[in-house]
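Keep in mind the model is a prediction, meaning the values are calculated, not measured. We're numbering straight along the sequence, starting at 1. Below, all heavy atoms of this structure are taken into account, side chains as well, without hydrogens, waters or symmetry copies.
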Amino acid sequence: MTTTVEITRFRVSPERTTDLLAARGGMIADFQADREGFLGAKLVQLSDGEWLDIVEWRSSADYAASRTKGGNLPRIQAFFALIDELVSMEEGTLR
């Protein structure tokens, strides 16, 4: 079995960082409850207000199904609303 990895790079203004981190737990809880194949996620703070969200999925199909749901739950919406700019999204395979 191969694990699919979602890598999302985004920007958050410094004044929203505390709110972003506070919203993270709720977003993860909603993903665990609502997203088939969600294995876990790591959030990496880079420089200049940029972040990487590294999310592991059981399969590419699970990742695709999650993308169709978008911000379907309030705590997911709350996290997404704090993102000022989406820089990039990529899919890969954990080796």
Could you pull out the closest heavy-atom pair between Leu82 and Ala23, with the gap in Å?
CD1-CB, 4.0 Å

What are the two closest heavy atoms between Val55 and Ala41, and how far apart are they?
CG2-CB, 3.9 Å

Could you tell me if Arg35 sits above the aromatic ring of Phe38, with its cationic atom closer than 6.0 Å to the ring centre and no more than 45 degrees from the axis?
no

For Arg24 against Asp53, the heavy-atom pair lying closest together
NH2-OD1, 2.7 Å

What are the two closest heavy atoms between Arg9 and Glu50, and how far apart are they?
NH1-OE1, 2.6 Å

Are any non-hydrogen side-chain atoms of Val44 and Leu46 less than 4.5 angstrom apart?
yes

Would you check if Thr3 and Leu39 make a side-chain contact, meaning some heavy-atom pair closer than 4.5 Å?
yes

When clusters are formed by joining ILVMFWY residues with side-chain heavy atoms under 4.5 Å apart, either directly or through shared neighbours, do Tyr63 and Val5 land in the same one?
no

In the single-linkage hydrophobic clustering (I, L, V, M, F, W, Y; side-chain heavy atoms under 4.5 Å), do Trp57 and Phe80 co-cluster?
yes

Could you check Leu94 against Thr2 for side-chain contact (heavy atoms from CB on, under 4.5 Å), going step by step and ending with a plain yes or no?
CA-CA 7 Å; Leu94 191 61; Thr2 59; over 6 Å; no

Could you give me the CA-CA distance, side-chain angles and deciding distance for Glu36 and Arg58, then say whether salt bridge (charged side-chain N to carboxylate O under 4.0 Å, His left out) is met?
CA-CA 8 Å; Glu36 185 73 27; Arg58 183 181 52 205; 3.2 Å; yes

Distance col, row Gln77:CD vs Asn72:CG, nearest 0.5 angstrom, shows 7.5 Å

Would a hydrophobic clustering, with Ile, Leu, Val, Met, Phe, Trp and Tyr connected at side-chain separations under 4.5 Å, put Leu86 with Ile76?
yes

Joint cluster assignment, Met89 & Val12, ILVMFWY side-chain distance < 4.5 Å:
yes

Determine, stepwise, if the pair Asp30 / Arg75 fulfils salt bridge (charged side-chain N to carboxylate O under 4.0 Å, His left out).
CA-CA 7 Å; Asp30 278 356; Arg75 294 183 297 179; 2.8 Å; yes

Anything under 30° is parallel, anything over 60° is perpendicular, the rest tilted; go ahead and classify Phe10 against Trp51.
parallel

Consider side-chain contact (heavy atoms from CB on, under 4.5 Å). Of Val87, Leu43, Ile7, which one does Leu52 pass it with?
Ile7

Just wondering, do Thr4 and Glu91 contact through their side chains at under 4.5 Å, heavy atoms?
yes

